[in-house]
Amino acid sequence: MLAFLVLAALAAPAAEPGPAAAPGGPGPGAAEARAAGAPDASLAAVDAEWPRRDQPGVMDDIKAKLAAAEKRAPDDYGVLWRQARLHFWLADDPNLAKDEKSRLGKIAWDYGDRATQANPRSVEGWNFAAAGMGNYALGIGIFTALRQGIEGKFKERLSRAEQIDPGFENGAIQTAWGRFWYELPWPKYSAKRSREALQDALRRNADNVRAHVYLADLYFKEDEPAKARAELEKAVANPPGRYDAPEERRWQDVARKMLAAKRESTSRGDSP
């Protein structure tokens with residue numbers, strides 16, 4: 001999760017076994033990558049640290065390891081998609097300034113596209129290219145993004161990811177589609193398609209915090225505040241660690257802030 005994914009779409013629930021491996025494991029191109037001299041040990045170390053990426057000092061170590069791996073093997077698929085994932089995570093910070101969101105999102109997009117060129121048969125490159133593109137679009141503004149033709153490019157990449165592995169990261173792709181249809185301006189905006197995609201994501205992973213938050217946004221927009229609050233309550237119901245603790249912590253923080261804002265609004269007598 002254009003972070004729209006998104007478009008965002010867009011970081012997200014942990015992957016189940018499927019035709020392509022999730023972040024943390026090599027995809028179908030692993031044998032080719034090893035044959036090309038990919039720094040497997042460095043990537044394994046990055047993946048071991050990824051579940052702690054929001055802890056002090058860990059992200060700096062991940063960045064250093066990936067930079068060193070890229071220097072040794074600049075065109076390796078495993079390096080490229082992990083760089084795309086890294087920069088998507090950085091761009092996806094809800095508190096990030098828009099110019100920095102677009103800058104980091106573009107880096108994620110570029111790394112993702114390079115990954116798809118290195119191995120077009122695996123899901124990760126397509127997914128994180130779309131995810132990065134979503135944050136780039138949010139940073140520059142949706143109308144500007146539409147004028148740049150981002151909509152079609154985003155749909156192409158996310159569709160390719162879905163064709164390869166619709167179950168990637170337990171609903172990450174469907175979460176991204178849900179936000180995409182939410183972020184589009186009228187007449188492209190579709191509450192129905194957004195809701196269906198997010199509910200699909202939640203069928204794949206009922207604990208998907210981001211999908212609950214995105215669905216709450218949609219319900220507030222569609223003037224269904226009771227349903228929105230119910231989704232936010234579900235988002236904060238469980239302690240982090242059910243699928244991706246840093247992702248869960250990030251979006252539970254968003255959910256708590258939304259709940260607090262709505263309670264304050266209600267206490268002032270504003271409309272729900």
Side-chain angles (χ1 to χ4, degrees), residues 1 3 5-36 38-40 42-51 53 62-63 65-66 69-70 73-92 104-136 153-177 201 204-205 210 243-244 246-247:
M1 275 67 216
L5 49 229
V6 165
L7 302 138
L10 33 45
E16 294 177 329
E32 296 95 317
R34 285 194 293 273
D40 288 36
S42 295
L43 299 187
V46 166
D47 292 339
E49 290 188 303
W50 189 251
R53 61 191 178 274
I62 290 173
K63 289 178 182 178
K65 284 184 170 68
L66 270 181
E70 184 178 6
D75 298 318
D76 175 65
Y77 177 72
V79 172
L80 293 170
W81 78 254
R82 286 172 175 83
Q83 284 282 28
R85 178 181 66 173
L86 166 68
H87 286 87
F88 163 67
W89 170 259
L90 296 174
D92 202 46
L104 291 167
K106 184 62 167 62
I107 295 172
W109 170 8
D110 289 344
Y111 271 119
D113 276 356
R114 288 176 59 195
T116 67
Q117 293 164 14
N119 184 355
R121 297 179 293 109
S122 291
V123 66
E124 297 93 348
W126 297 106
N127 179 79
F128 290 112
M133 188 182 297
N135 279 307
Y136 169 78
K153 297 173 184 176
F154 176 84
K155 291 166 74 175
E156 175 193 5
R157 287 158 177 77
L158 196 61
S159 294
R160 288 291 296 273
E162 191 168 31
Q163 289 165 11
I164 294 168
D165 185 2
F168 182 65
E169 290 198 334
N170 262 354
I173 292 170
Q174 293 74 27
T175 303
W177 281 124
R204 296 169 186 272
N205 176 14
R210 183 195 294 254
Y243 59 94
D244 181 356
E247 166 79 2

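Just the heavy atoms: all of them, side chains too, but no hydrogens, waters or symmetry mates, feed the values below.
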Contacts of R114 that satisfy salt bridge (Lys or Arg N to Asp or Glu O under 4.0 Å) - sequence neighbours left out: E70, D75
For the student: nearest non-hydrogen atoms of W81 and A115, plus distance: N-CB, 3.9 Å
Distance-only side-chain donor-acceptor flag, Y77 / E124, under 3.5 Å: yes
For A91, all residues meeting side chain to side chain contact (heavy atoms under 4.5 Å, CB included), sequence neighbours excluded: L104, N135
Heavy-atom side-chain proximity of W177 to K155 below 4.5 angstrom: yes
Heavy-atom check, side chain of D76 versus side chain of L43, under 4.5 Å: yes
Non-neighbouring partners of K153 that pass side-chain hydrogen bond (donor to acceptor under 3.5 Å, both in side chains), sequence neighbours left out: none
Side chain to side chain contact (heavy atoms under 4.5 Å, CB included) partners for Q163, two or more places apart: S159, R160
Shortest non-hydrogen separation from N205 to Y243 and the atoms involved: ND2-CD2, 3.5 Å
SB check E49 K65 (cutoff 4.0 Å): yes
Contacts of type side-chain hydrogen bond (donor to acceptor under 3.5 Å, both in side chains), residue D113, not counting sequence neighbours: W109, R157
For L90 against K63, the heavy-atom pair lying closest together: CD1-CE, 3.9 Å
Heavy-atom pair of closest approach, residues A48 and P51: O-CD, 3.5 Å
Beyond-backbone contact of D244 with P246, side-chain heavy atoms, under 4.5 angstrom: yes
Heavy-atom pair of closest approach, residues A108 and G132: CB-CA, 3.7 Å
R82 CZ to L66 CG distance, which is reported to the nearest 0.5 Å: 8.0 Å
side-chain contact (heavy atoms from CB on, under 4.5 Å), paired with V46, selected from V79, L86, I62: I62
Distance in Å, K106 NZ paired with Y136 OH, rounded so as to fall on 0.5 Å steps: 7.0 Å
Rounded distance (nearest 0.5 Å) linking atom CG of D165 with atom CG of N127: 9.5 Å
Side chain to side chain contact (heavy atoms under 4.5 Å, CB included) partners of A201, counting only residues at least two apart: Q174, T175, N208, A211
Stepwise side-chain contact (heavy atoms from CB on, under 4.5 Å) test for E247 and W89: CA-CA 9 Å; E247 166 79 2; W89 170 259; 3.8 Å; yes
Presence of salt bridge, R85 and D47, under 4.0 angstrom: yes
Heavy-atom closest contact (L80 atom, P74 atom, distance): CD2-O, 3.6 Å
